[in-house]
Amino acid sequence: MTTLLVPIADGSEDIETVTIIDVLRRGGVEVVVASVHDRKMIKAARGSNVEADVLLTDVADTMFDAIALPGGMPGAEHLRDSSVLIDMLEKHDIHDALLAAICAAPALVLGTHGFLMDKQATCYPGFETGLTGADYVSDQPIVMDGNILTSQGPATAMTFALGLLANLKGYDVAQEVADQLLC
(Lines give C-alpha, C1' and ligand atoms only; values in the text may rest on other atoms or scores of the structure.)
Protein backbone atom coordinates (compact mmCIF):
# COMPACT_ATOMS: atom_id res chain seq x y z
CA MET A 1 0.00 0.00 0.00
CA THR A 2 1.27 3.46 -0.91
CA THR A 3 1.47 5.71 2.15
CA LEU A 4 1.37 9.47 2.65
CA LEU A 5 1.91 11.50 5.80
CA VAL A 6 0.06 14.82 6.07
CA PRO A 7 1.29 16.74 9.14
CA ILE A 8 -1.16 19.39 10.34
CA ALA A 9 -1.12 22.17 12.91
CA ASP A 10 -3.24 25.01 14.19
CA GLY A 11 -3.45 27.43 11.28
CA SER A 12 -2.94 24.89 8.47
CA GLU A 13 -4.76 26.09 5.34
CA ASP A 14 -8.22 24.47 5.25
CA ILE A 15 -8.54 23.96 1.48
CA GLU A 16 -5.02 22.63 1.05
CA THR A 17 -5.25 20.22 3.97
CA VAL A 18 -8.61 18.72 3.04
CA THR A 19 -7.86 18.61 -0.71
CA ILE A 20 -4.62 16.69 -0.20
CA ILE A 21 -6.29 14.18 2.13
CA ASP A 22 -9.40 13.74 -0.01
CA VAL A 23 -7.75 13.40 -3.43
CA LEU A 24 -5.07 11.00 -2.25
CA ARG A 25 -7.57 8.79 -0.41
CA ARG A 26 -9.76 8.72 -3.54
CA GLY A 27 -6.67 7.48 -5.39
CA GLY A 28 -6.16 4.57 -3.02
CA VAL A 29 -3.30 6.04 -0.99
CA GLU A 30 -3.21 5.29 2.73
CA VAL A 31 -3.17 8.83 4.15
CA VAL A 32 -2.09 9.34 7.75
CA VAL A 33 -2.98 12.76 9.13
CA ALA A 34 -0.76 13.65 12.09
CA SER A 35 -0.93 16.62 14.42
CA VAL A 36 2.37 18.24 15.37
CA HIS A 37 0.74 19.35 18.63
CA ASP A 38 0.09 17.22 21.72
CA ARG A 39 -3.59 16.87 20.71
CA LYS A 40 -5.31 15.51 17.62
CA MET A 41 -7.80 18.35 17.05
CA ILE A 42 -6.49 21.45 15.32
CA LYS A 43 -8.18 24.66 14.26
CA ALA A 44 -7.32 25.39 10.63
CA ALA A 45 -6.52 28.85 9.27
CA ARG A 46 -10.14 29.66 8.35
CA GLY A 47 -11.67 28.15 11.47
CA SER A 48 -12.39 24.57 10.41
CA ASN A 49 -11.82 21.96 13.09
CA VAL A 50 -9.75 19.10 11.71
CA GLU A 51 -9.02 15.97 13.72
CA ALA A 52 -5.79 14.13 12.98
CA ASP A 53 -5.63 10.35 12.91
CA VAL A 54 -2.59 10.34 15.20
CA LEU A 55 -0.04 12.56 16.87
CA LEU A 56 3.14 13.03 14.86
CA THR A 57 5.14 11.53 17.71
CA ASP A 58 3.13 8.30 17.26
CA VAL A 59 4.51 7.81 13.73
CA ALA A 60 7.93 9.45 14.10
CA ASP A 61 9.74 6.19 13.29
CA THR A 62 7.51 5.24 10.35
CA MET A 63 8.71 5.49 6.74
CA PHE A 64 6.14 6.82 4.29
CA ASP A 65 6.28 6.97 0.51
CA ALA A 66 5.70 10.72 0.73
CA ILE A 67 5.14 13.59 3.13
CA ALA A 68 2.85 16.44 2.05
CA LEU A 69 2.88 19.74 3.92
CA PRO A 70 -0.12 22.05 3.73
CA GLY A 71 0.53 25.77 4.01
CA GLY A 72 -1.45 28.38 5.85
CA MET A 73 -0.45 30.69 8.64
CA PRO A 74 0.56 30.11 11.31
CA GLY A 75 0.29 26.41 10.39
CA ALA A 76 3.43 26.42 8.25
CA GLU A 77 5.34 28.06 11.11
CA HIS A 78 4.21 25.31 13.49
CA LEU A 79 5.38 22.70 10.96
CA ARG A 80 8.71 24.54 10.56
CA ASP A 81 9.23 24.54 14.33
CA SER A 82 8.46 20.83 14.86
CA SER A 83 11.78 19.08 15.46
CA VAL A 84 10.04 15.70 15.09
CA LEU A 85 8.77 16.68 11.63
CA ILE A 86 12.14 18.05 10.52
CA ASP A 87 13.85 14.82 11.61
CA MET A 88 11.28 12.84 9.62
CA LEU A 89 11.75 15.04 6.55
CA GLU A 90 15.52 14.56 6.74
CA LYS A 91 15.17 10.78 7.04
CA HIS A 92 12.72 10.66 4.14
CA ASP A 93 14.84 12.97 1.97
CA ILE A 94 17.88 10.72 2.44
CA HIS A 95 15.77 7.82 1.14
CA ASP A 96 14.48 9.92 -1.81
CA ALA A 97 10.88 9.81 -0.60
CA LEU A 98 8.66 12.43 -2.17
CA LEU A 99 8.53 15.67 -0.16
CA ALA A 100 5.64 17.91 -1.17
CA ALA A 101 4.71 21.36 0.13
CA ILE A 102 2.21 24.04 -0.85
CA CYS A 103 1.64 27.74 -0.14
CA ALA A 104 3.95 29.04 2.63
CA ALA A 105 5.29 25.56 3.50
CA PRO A 106 7.86 25.31 0.67
CA ALA A 107 9.57 28.46 1.97
CA LEU A 108 8.96 28.24 5.70
CA VAL A 109 9.58 24.51 6.11
CA LEU A 110 11.58 23.16 3.18
CA GLY A 111 13.53 26.37 2.48
CA THR A 112 14.33 27.13 6.11
CA HIS A 113 15.72 23.65 6.67
CA GLY A 114 17.79 23.36 3.49
CA PHE A 115 15.72 20.86 1.48
CA LEU A 116 15.56 23.13 -1.59
CA MET A 117 19.25 23.67 -2.25
CA ASP A 118 19.90 23.73 -6.02
CA LYS A 119 16.25 22.94 -6.79
CA GLN A 120 13.52 24.76 -8.64
CA ALA A 121 10.51 25.52 -6.44
CA THR A 122 7.46 27.69 -6.10
CA CYS A 123 5.40 28.96 -3.17
CA TYR A 124 2.78 31.52 -2.21
CA PRO A 125 3.82 34.93 -3.64
CA GLY A 126 5.60 36.99 -1.02
CA PHE A 127 7.31 34.00 0.60
CA GLU A 128 9.85 33.41 -2.19
CA THR A 129 12.75 34.88 -0.19
CA GLY A 130 12.37 31.87 2.10
CA LEU A 131 13.16 29.43 -0.72
CA THR A 132 16.78 29.34 0.44
CA GLY A 133 19.09 27.92 -2.22
CA ALA A 134 16.28 27.38 -4.73
CA ASP A 135 15.48 28.87 -8.11
CA TYR A 136 12.04 30.48 -7.64
CA VAL A 137 9.55 29.65 -10.39
CA SER A 138 6.72 32.21 -10.30
CA ASP A 139 4.77 31.24 -13.41
CA GLN A 140 3.94 27.59 -12.69
CA PRO A 141 1.22 26.38 -10.28
CA ILE A 142 3.28 23.32 -9.32
CA VAL A 143 6.97 22.58 -9.72
CA MET A 144 8.67 19.19 -9.50
CA ASP A 145 12.43 18.92 -9.09
CA GLY A 146 13.91 15.60 -8.05
CA ASN A 147 11.97 14.33 -5.05
CA ILE A 148 10.53 17.78 -4.23
CA LEU A 149 7.04 18.90 -5.33
CA THR A 150 5.97 22.47 -4.54
CA SER A 151 2.87 24.52 -5.28
CA GLN A 152 1.61 28.08 -4.87
CA GLY A 153 -1.53 28.10 -2.74
CA PRO A 154 -5.22 27.34 -2.19
CA ALA A 155 -6.28 27.75 -5.82
CA THR A 156 -3.58 25.28 -6.91
CA ALA A 157 -4.44 22.67 -4.26
CA MET A 158 -6.34 20.37 -6.64
CA THR A 159 -3.57 20.40 -9.25
CA PHE A 160 -1.01 19.86 -6.50
CA ALA A 161 -2.91 16.92 -5.01
CA LEU A 162 -3.42 15.31 -8.42
CA GLY A 163 0.28 15.80 -9.21
CA LEU A 164 1.16 14.18 -5.91
CA LEU A 165 -1.18 11.29 -6.71
CA ALA A 166 0.33 10.87 -10.18
CA ASN A 167 3.80 10.65 -8.65
CA LEU A 168 2.69 8.05 -6.11
CA LYS A 169 0.21 5.91 -8.06
CA GLY A 170 0.77 6.78 -11.72
CA TYR A 171 -0.83 9.02 -14.30
CA ASP A 172 -3.76 6.69 -15.03
CA VAL A 173 -4.92 6.66 -11.40
CA ALA A 174 -4.57 10.44 -11.16
CA GLN A 175 -6.51 10.88 -14.41
CA GLU A 176 -9.27 8.58 -13.17
CA VAL A 177 -9.62 10.58 -9.95
CA ALA A 178 -9.49 13.86 -11.89
CA ASP A 179 -12.28 12.63 -14.18
CA GLN A 180 -14.41 11.62 -11.17
CA LEU A 181 -13.90 15.11 -9.72
CA LEU A 182 -14.74 16.76 -13.08
CA CYS A 183 -11.29 18.31 -13.34
What heavy-atom pair brings [X] and [Y] nearest, and what distance separates the two atoms?
X	Y	answer
Met73	Ala104	SD-CB, 4.1 Å
Ala9	Leu79	CB-CD2, 4.2 Å
Asp14	Arg46	OD1-N, 2.7 Å
Val31	Asp53	O-OD2, 3.6 Å

Contact between [X] and [Y] at the side-chain level, heavy atoms closer than 4.5 Å - yes or no?
X	Y	result
Lys169	Leu164	no
Ser138	Thr122	no
Cys103	Gln152	no
Leu56	Ser35	no
Leu4	Val32	no
Pro106	Tyr124	no
Thr19	Asp22	no
Arg26	Leu181	yes

| query | For Asp65 and Thr2, does a side-chain donor sit closer than 3.5 Å to a side-chain acceptor? | reply | no
| Using a distance-only test with no angle check, is there a side-chain donor-acceptor pair under 3.5 angstrom linking Ser151 and Thr156? | yes
| Is the number of heavy atoms from other residues, nucleotides or ligands within 6.0 Å of CG (Asn49) greater than 12? | yes
| task | Report, as yes or no, whether the 6.0 Å neighbourhood of atom CZ on Phe115 holds more than 12 heavy atoms from other residues, nucleotides or ligands. | result | yes
Would you say [X]'s side chain and [Y]'s backbone share a donor-acceptor pair under 3.5 angstrom?
X	Y	result
Asp145	Gln120	yes
Ser12	Pro70	no
Glu77	Val109	no
Gln175	Val173	no
His92	Ala66	no
Glu13	Gly153	no
Asp179	Glu176	no
Ser48	Ala44	no
Asn147	Ala97	yes
Asp10	Ile42	no

Could you see if [X] belongs to whatever hydrophobic cluster contains [Y]? Use Ile, Leu, Val, Met, Phe, Trp, Tyr and a side-chain cutoff under 4.5 Å.
X	Y	value
Ile15	Ile21	no
Val33	Met88	no
Met158	Phe160	yes
Val84	Leu5	yes
Ile67	Val6	no

About how many Å separate [atom2] of [Y] and [atom1] of [X], when rounded to the nearest 0.5 Å?
X	Y	atom1	atom2	answer
Met41	Glu51	CE	CD	4.5 Å
Leu99	His113	CG	NE2	12.5 Å
Leu162	Ile20	CG	CD1	11.5 Å

| message | With side chain to side chain contact (heavy atoms under 4.5 Å, CB included) as the criterion, how do Val137 and Gln140 come out once you've worked through the C-alpha distance, each side chain's angles and the decisive distance to 0.1 Å? | response | CA-CA 6 Å; Val137 179; Gln140 297 295 317; 3.6 Å; yes
